[in-house]
Amino acid sequence: MTATDLQTIGMTDPFGRAITYLRVSVTDRCDLRCVYCMSEDMTFLPKADLLTLEELDRLCSVFIAKGVRKLRLTGGEPLVRRNMISLLRSLSRHLVSGKLDELTLTTNGSLLSKFAGELADCGVRRINVSLDTLDAARFRSITRWGDLNKVLEGIRAAQAAGLRVKINAVALKNVNEEEIPSLIEWAHGEGMDITLIEVMPLGDIGEGRIDQYVPLSLIRARLEQQFSLTDLAERTGGPARYVRVRETGGKLGFITPLTHNFCEACNRVRITCTGTIHTCLGQEDAADLRRPLRASPDNAQLEAAIDRAIGTKPKGHDFVIDRRHNRPSVGRHMSVTGG
Ligand code: SAM
Ligand code: SF4
């Protein structure tokens, strides 16, 4: 048995899946209001409910000691959390010690020009930037008030700082469907991989999902009329399936929670900014880690609570979007759980 096997024994779920990937939402707040993610008048959590940066560090470090090898900070928008860089800097000690393989984040890119250099200094090597369109007016309407130029500048700054950028784009019916081929050509032309995501029924957004949802099977069939796509064997333990686009030479991912179930190899759990663990993105399961975290400076209670939560990780989700199921499957917004 290898050292890694020994480490992950405590983090194996009832279906034999080793939990090696932790995603942490460091804030539920955001400087944008994407129409598929949030309602316009979101009520955010009181700041007093949030874990402090020191508590987030301790929580992540316990997970790392229990076998997590990849840590992604997300939100809400992670870069709007004050002193985020100090948290990253502190967590980077686990990269230096070799206990962590990757420290990364998912961002909307709007603050990247300010932070790209510091991210690189903290040992971040790759980031995901969410961008659904290259049309400034459409970007403004999807995000309700965002400025596309800031995101494009942020991406350039990240690349200049040596970060590898992957673009995530949500496919939105009648909104950016037609633009997807050019978005792929742009991303690949700029040396970035791109992953397309199906809209998931998470949280009340003040309108139905049926108007937003377009199956990626349909998008893929359309792309195949224009591009030659070759399936890649690559798996990350996550929902994405990848293809190579011959015409551009770049890699394209599909995240299809609705048209294909992706749970059998799931290696991840998520923590909210208030210290709630969700072991499945698509189920209402939840356990509080904040109370055991605060109960004692010793980690024993916290570790026991983590083990109990992992021991109840569901087999998978059952998202449905159709005319009869046009309500959220899960009440939490993606910005709370951490996308
Ligand atoms: N604010 C950051 C960003 O936008 O990248 C990080 C958090 S955001 C919740 C993470 C990802 O979730 C983004 O790529 C976003 O497009 C995606 N997302 C949000 N709500 C979603 C939904 N209902 N269905 C599918 N993807 C969603
Ligand atoms: Fe903010 Fe990201 Fe949600 Fe858009 S997808 S509202 S950028 S958290």
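In listed order, ligands and their atoms are each counted from 1. All values below were derived from every heavy atom in this structure, side-chain atoms included, with hydrogens, water molecules and symmetry-related copies excluded.
With a 4.0 Å cut-off on non-hydrogen atoms, V170 touches ligand 1 through its side chain and not its backbone. At a heavy-atom distance under 4.0 Å, no atom of N128 approaches ligand 1.
Residue R291 places its CZ atom among 12 or fewer non-hydrogen atoms of other residues, nucleotides or ligands, all under 6.0 Å distant.
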Check residues 111-120 and write down every donor-acceptor pair under 3.5 Å in which the side-chain atom is one partner and the other belongs to a residue at least two apart or another chain.
none

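The shortest N or O to N or O distance between Y36 and ligand 1 is under 3.5 Å. The N/O atoms of T106, backbone and side chain alike, include none that comes under 3.5 Å of an N/O atom in ligand 1. Of the polar atoms of S130, at least one N or O is found under 3.5 Å from an N or O of ligand 1, judged by distance alone.
The shell of residues lying under 4.0 angstrom from ligand 2, judged by heavy atoms, includes G76. Proximity of E198 to ligand 1 is established by a heavy-atom distance of less than 4.0 Å.
Residue contacts to atom 4 (Fe) of ligand 2: C34 brings an N, O or S atom closer than 2.8 Å.
In summary, the atoms of ligand 1 found under 4.0 Å from a heavy atom of V199, numbered by their order in the structure, are 24 (N), 25 (C). Every atom of ligand 1 with a heavy atom of T107 under 4.0 Å away is listed here by number and element: 2 (C), 3 (C), 5 (O).
In the model, T230 has no side-chain atom that pairs as donor or acceptor with a side-chain atom of R246 under 3.5 Å.
Looking at A171, A169, G76 and measuring to atom 1 (N) of ligand 1, the nearest heavy atom belongs to G76.
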